Every structure is written in structure tokens, then in C-alpha cells.
Amino acid sequence: MIAQTQAPPPPEQAARPRLRERVYAWLDERTGLDAMLKMPMPRSAGWLHTLGGISFFLLLLQFGTGILLAMYYRPTPEAAYDSVRHIGNHVAYGWLIRGLHHWGANAMVLLVFLHGVRVLFYSAYKPPRELNWITGIGLMGVTLGFSFTGYLLPWDQLSYWATTVGTQLTDAVPIIGKQLLVILRGGEHVGGQTLTRFFAIHVVVLPLTALALLGIHFALERRLGLVEAPWRRFRSRGPTDDVAAPHGAGGEPFYPNHVWREGVVFCLVFALLLALIALLPPQLHPKANPAETPEHIKPEWYFLAAYQFLKLFPQRIPVLAGIPGVNLILGEGRFFSMVLQGLAMLALVLLPFLDRSPERDPRRRPKFTIIAVAGLLALLALTLWGKYS
Amino acid sequence: MRYATRRGALPGAIALVLLPLLSQQAGRAAPQAGGTCEDCHSYMSERSQRAVKEWKDGIHASVGVGCADCHGGDPKATSMDASMSKAAGFIGTPKRSAIPQLCARCHADPVRMRPYNLPTSQYDQYLTSVHGKRLRQGDTRVAVCTDCHGIHDIRRKNDVESSVYKTNIADTCARCHSDAKHMQPYGIPTDQHEQYLRSVHGQKLVKERDLAAPSCADCHGTHGATPPGVTEVSEVCGRCHTLLEQLYSKSPHRAAVQEHGVPRCVDCHQNHEIAMPTDEKLVSKGLGGCGSCHDEQSRQFAVAKELHTAITGVQRDQDRVRAELQRVARLHEDIADGEAALANADTSLKEARANVHSVSVKAIGSQIENARLAVGKARDVASEGFQRSYWRRTNVALAAFVFLSISGLLFVKWGALHRRWRLRLAREEEEE
């Protein structure tokens, strides 16, 4: 009886989407959000594919914590050290924010590097993804730039002298070395000018560069998609030398599957960062004293390989120092090693153009695999050597 | 006899042209100052060559003071006879007894010394010294200018190679004063140098190269070298230890010196073998200890014991708190405020120890109290550091566990999504 007396709702009212769906549709109409989120991932996409995303989330974490730190930090030689102490001791949860910024920076360097290694062995730098590779190398450089400039900001003994030694390298450049040194430091020595310019680079120049490069990196990634792994079991989806092939259909969708996977790793990384803060909170050494050089000055772990490589060469390279003309430019050991490192970096940037082979499977291109593995082992060995030398 | 007549005109003429050129080629120095003395003595016996070299390395050659200025003779003459003739005022090696006067010809002349901004009172001071007085009495064993400053290798006193550079003075004095044979006629001890090297002054100056520490000359004087008299001792020490001298001069000990001749600085601290004073001196009956003069049952000794207990008590507390702060630092907590408080405690304890010279119980007690308060503040910093570290670690570890758990839950959720996708994939492949 009751059912007979109540009229059924009009069909158009029953089909009316909920507010969330309407907002989603509105956004999708304007941005193509749905296609972006449901874009299938390659079949081979797995946990290694979270490295890039986690690096991005870490960058956001660095931005967030960095903004909070900048509210209390004062970039002058007189006040910098005390302001960092103030953040650690008196600002509510300042120690946590500084800890996250400190360990987040370290984690970011590691994850960006690992992301690069994944891309290298997947041969994802090959056409048409050359620009992705180049912007990625640029982002690695920006990450190291963040670390180098940020390291000076606490203005303690270690940061002051590590920066002094680090910037001193430009002095080895022939002819214009002195001028470069003055431009980098803002004077003959590391001082107030160095601190303010490093601060400006750290909080303005590098973030803007990072955002610009990330914009290109992401846009290209969305346009070209992720490359399928070149291993045998994914070959049914296309030949391994089909470098331009879009990622195979049938992979997990980006949303929700891959996003949840990213969530798992991000929470894991965040838990690790917190554990590191609990076990090894960032230290603050005695205030910078230009008159007192500490006994052992070593850079952070990510610069140890470059540092040890510099130390491999004598001050004057006898063979080169004996050749007229060459001796003035390459005879100086430090500059020679810097040139070698620069050439290695250039080769890395130009890798997509140097490696023209269409083959992507590392097992089918032993020359590449041997060089890449040897390079990584050398990097690891130099880092450990630098650490324990 | 002229070279020209003995060996012929040509070699002489060549020598006249070439030797000055050779001298210029040799580098620095003023050929005018060395003149023909240098030309010949540079090529003669090893001793002569050494004398020329030492002179050229010294200060005199660089300011144009040549051989003839001390030895007489004519440095422009080209023959040996003419250059070293009595007519030209040649005196050869000056007599020891005449050396101070010889040096004073220039060094006591304000007109000659003005360009170098050097004092001219050294000779007058020397005459008042024990060395000068004995020399005038005919004792040529005593030190003359060249014994301390060198003969030909005279260098500026701020030249580290100079025998009178501050860190070298003790060795220079010891050349005579540690020589038992040389000192035998005077009946004075010869172990001062060894004692000095063991002393806090010697360790600072000679080993640590701390130029603020005194050498022999800072207490005994330089040119007017004289052992300080009884009443001068505190003034001599007080030239550097100004505050201690002021405190001592107001103390009952100063009055006792007027009456009994003790205790002077050296009675408690020794003269050459001055050791770093310790708190134990307050209760020691040994040399320089309070108990060496004051009877154990006396009121003064009881006060000294009380001060010793108070000072060493605060010192022990300070050491304990310093170790605590180090443990906090190892937890990566900031201990700067604690270290600053300990530095304040150090200052107060130093002031308390310095005030022992005034024997003012009130002043010492006040400084000890300040030190105690500062140590208490440092202890609070250490305690807060431990608590803060514990709180932070516990809470951050808890937060890490929470995120680890969230990560696990997300993994479970992802696992469900993944299984669903694989089922769908399998179904699609079956359909195909």
C-alpha cells in the first residue's frame, strides 16, 4: 500500500551525479584529468617506477620545510648560526622541521640518483625521450646545487670550511679562475656576501629552475609515456629495439594502482626520515671561525667521489706540465681532474646522441652494460675511498 | 806592497773592475760597507769567509755598517797594507773590555740611531748591570755585547734566528750561566736553565712558542741585567701578573714581608722552576704550601683547608657536569648554553684562585658561590638536554612507527587493487 502511494523518483533526478563526480567532471572537461589519471602504466612498471615520484614528493617536502625554516633563518654571518640554533631549540617543532629538511635533502640526492640509474638501465633515454633524459640530468644537477648551497647556511665550522674548500676549486681554472672565485664567493674569501648569494640561489634561483625543469620533465613524460622494460618477458608486447613504441597496453592504471604504490613507498621513506631524525638529529658544529681551520675537512657523502677523484692527481701533472702550451692549462692537477669530470658529465648529458644503437636490453649490449656498471662501481669505490681516506 | 807592483798592472785593473761587479752579482748587501775587506776576505780562510757570510746575513750589512766601522782601517784602499794600516785606524779584533764602548759609539748616539728608531740607553744600562760593573773592575769573563748578540751575525731581535729572539734568550744566557766552569769563580748555581725549561714559563715560551711567556730578560732585565732584590720581587712578577700583584699588595702577607721578609712570590712559587699552581698548595705542608708557614692547628690553616674544600668541591662538580654535557652532545643535542655556563664557572674559579693572593675569605667565598651557581645552570642545561632528547626520540620514533603502519595498510590496499587488476588481465587474455 505504501509502495503504491509513493511515486517513484523521476529518472533524471536518480541519475544526477553527486557533487564530487560533478567537480571531477568539471575539472576533467578543462584539464583532461581523467585521461591523465587512468593512463595505463607499462606492464613492467613496478616498485622501481616509484623512485621518480618519491623524488618529486621529497622536493615538495623540501619546499614545505624550507619555507618554514626561512621564516626564522637570518642569512648574515652574525645571525645565521644563532638563528639555526634558535630554530632547533626554541621554535615549536623547529628541530623536527630542520631534521626533515636535512635528511630529506640527503634522501632526495639518493633517490634522484637511483631514479637516474633505473632510467639508464631501462635505456629510457633513447629516442624520443632524449629531452626527458637531459632535463633529468639537469634536475640531478639542481639537486646537488641545492645541497651545496644549503650546506653553508647553518654557518658552522664544517659548513664554512667545506664551502671554502669547495669554492676554492674554481681558482684552479686557468686565466679566469680568480675572477670566477670572486664571483662565486662575492669576494676573496667566504664571508657575508657568499652567505647571502648562496641563500638567494638556494631559495629563489634553484627552486625556480627545478620547477621549470620539472614542468618540462612531467609534460614530456605524460606525452611520451613510460618506456616498457627491455627484458625478455615483456618482449611479447614489442621488440626490445622498438624504442619509440608506447608503453604496452595492459599495464596497471596510474590511478589508483600506481598512486597507492607511491603512497606505500612515500610513507616508508617518511618513516625512515623520522627514524633518522630520532637516531641522528642534524648536528650544529661550533660557529664558523675563519681564523681556525679544522683538521679534517671532507664534503658530504654525495660529493666524496668528486673530492677523492680530485685528490688522485698531483698538483702538477709531470707529463702534461712538460708540454709547452698544454702545461699552462692542463698541467695543474686539480683543473685537469675537473676537466675529466666535466667531460664525463657532458658524455652523460649527450648519452642519447652518443649511444645510437636501437637495442635496449642490457644483456644484448654488453659494451654499454660493462661501462655503466664499471662507472657505478668506480663511483661507489671513490665514495668509500674518500670516506675512509 | 801594491797588487799592481807585485803582480802587474793588468790583473789589478781587471780586479778593480770585476770585483765590484762580482759583489753585485752575489746579490744583496752594500759593497760600499764591505769595501775591499769583503773582496779579499770572501776568498780567504774558511773563518774569514764565514765572518763575511755572517755579516752579510746580519742586520749591519743591510744598513751599510761595514767591517771598518768596528775594526777600523780603510775599506776603499786597494792594497792590504793600506786598508789595514794603523794610520787608517785599523784595530783588528777589538779587545773584550773595549767592545761595549765600541758598540756604544753608534748605539749610544741618538743622531745615528734615530733612523732605526732604536733606544740609545743600552750602554748606560749595561754599566749599571752586574756584567758591566764587573767588566769595569777588569773581569773580562763577564758578558759583553757580542756574547749575547753575536759577533758578525748580529740580527734584529725580532728575527727568529737571532740569539736574542725571545724564544732563544734562555739558551743564549745558558751558554755562560749553565757552564759550571765559567760560573765557578762567582759561586752561583748553574741549574737555572734546566729549572726554567721545566717551569710553566719555559714550557709556554720554549715548547709552545707562546711569546707572552717570560724569558730570563723579562725578570732580570736586558742590558741592565741584575737579579731582582727582595722587595722588588713582587713588582717584577707583577709587571705581568698585575691583578695578582694588586691583590697581594693589599693582603696581610705583604705586611708580613715588610716585617719578616716572607712570604714573597718566590717563597710560594719558586723562582726559576715555577710550576703551575694547584689547589693542593692550600693544604700542603711542603715547599710553598700554606702549611709550610702556618701551623696545622692555626686559624689561618683551618681557613685555607675550608677554601680548599670549597674550591675543589666546585671543581669536581664542574668536571662531572662537563662529562654530562659531553654525553648530551653525543645525543646531538645543543649544549652551547651549558658550555657558556661552564666557561663562566671557569672564570669565577680562576678569580677565586687569584683571590687567594688577597687572603680575603669574603671575596673568595663570593667567587666560589658564583662558580657554584654557574655549574648549577650548566647542570640544568645537561638535564634538559637529556629530557629533550628522550622526548624527541620517543615521539619521533612513535611517529615513524605510525607512518610505517600506514605504509603497511597502503600496501594491503595496493595488494587488493593489484590482485583485481591481475584477475581482469587474466580474464581479458582468456577472452582473447
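Numbers restart at 1 for each chain; the letters A, B, ... are given by sequence-line order, proteins then strands. Because the structure is predicted, anything quoted here is derived from the model rather than measured.
- Counting heavy-atom neighbours within 6.0 Å of A/F57 CZ, excluding the residue itself, gives a total of 12 or less.
- The number of heavy-atom neighbours closer than 6.0 Å to CZ of A/F218, taken from other residues, nucleotides and ligands shown, is above 12.
- Annotation for B/R156: atom CZ does not count as buried by contact number, only 12 or fewer foreign heavy atoms lying within 6.0 Å.
- Nearest heavy-atom pair, B/A400 versus A/A275, reported as atom, atom and distance to 0.1 Å: CB-N, 4.0 Å.
- Contacts between B/N395 and chain A at a heavy-atom distance below 4.5 Å are absent for every atom of the residue.
- From B/R422, atom CZ reaches atom CD of A/E252 across 8.5 Å, with rounding to the nearest 0.5 Å.
- With a 4.5 Å cut-off on side-chain heavy atoms, A/R85 and B/D337 count as touching.
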- Message: I'd like to know whether B/L404 forms a side chain to side chain contact (heavy atoms under 4.5 Å, CB included) with A/C267, so could you lay out the CA-CA distance, the side-chain angles of the two residues, the decisive distance to 0.1 Å, and finally the verdict.
- Response: CA-CA 6 Å; B/L404 200 63; A/C267 286; over 6 Å; no

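- Taking all atoms of both residues into account, the shortest heavy-atom contact from B/R393 to A/L279 is NH1-O, 3.6 Å.
- If you measure heavy-atom distances from A/L272 to chain B, you find no contacts under 4.5 Å at all.
- Within a 6.0 Å sphere centred on NZ of A/K298, other residues, nucleotides and ligands contribute more than 12 heavy atoms.
- Within a 6.0 Å radius of CZ in A/F63, more than 12 heavy atoms belonging to other residues, nucleotides or ligands are found.
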- Item | Check against side chain to side chain contact (heavy atoms under 4.5 Å, CB included), A/H258 and B/L417 | CA-CA 10 Å; A/H258 192 71; B/L417 288 169; over 6 Å; no

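- Taking both residues in full, the closest heavy atoms of A/G88 and B/R392 are given as O-NH2, 2.8 Å, listed atom of the first, atom of the second, then distance.
- Relative orientation of the B/F403 and A/F270 rings is tilted, given thresholds of 30° and 60° on the angle between their planes.
- Annotation for A/W260: atom CH2 does not count as buried by contact number, only 12 or fewer foreign heavy atoms lying within 6.0 Å.
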- I would like to know whether B/W414 and A/E262 meet side chain to side chain contact (heavy atoms under 4.5 Å, CB included); could you show each step before the answer? CA-CA 10 Å; B/W414 170 82; A/E262 294 263 9; over 6 Å; no

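- The part of B/L331 that comes within reach of chain A is its backbone (N, CA, C, O), which places non-hydrogen atoms under 4.5 angstrom from that chain.
- Expressed to the nearest 0.5 Å, how far CG of A/L280 lies from NE2 of B/H332 amounts to 5.0 Å.
- Contacts with chain B were tallied for A/L284, A/N89, A/I277, A/V265; A/N89 has the most, counting heavy-atom pairs under 4.5 Å.
- Atom CD of B/E194 is surrounded by 12 or fewer heavy atoms from other residues, nucleotides or ligands within 6.0 Å.
- The environment of NZ in B/K157 is sparse: at most 12 heavy-atom neighbours from other residues, nucleotides or ligands sit within 6.0 Å.
- Looking at A/L268, the atoms closer than 4.5 Å to chain B (heavy atoms on both sides) sit in the backbone and in the side chain alike.
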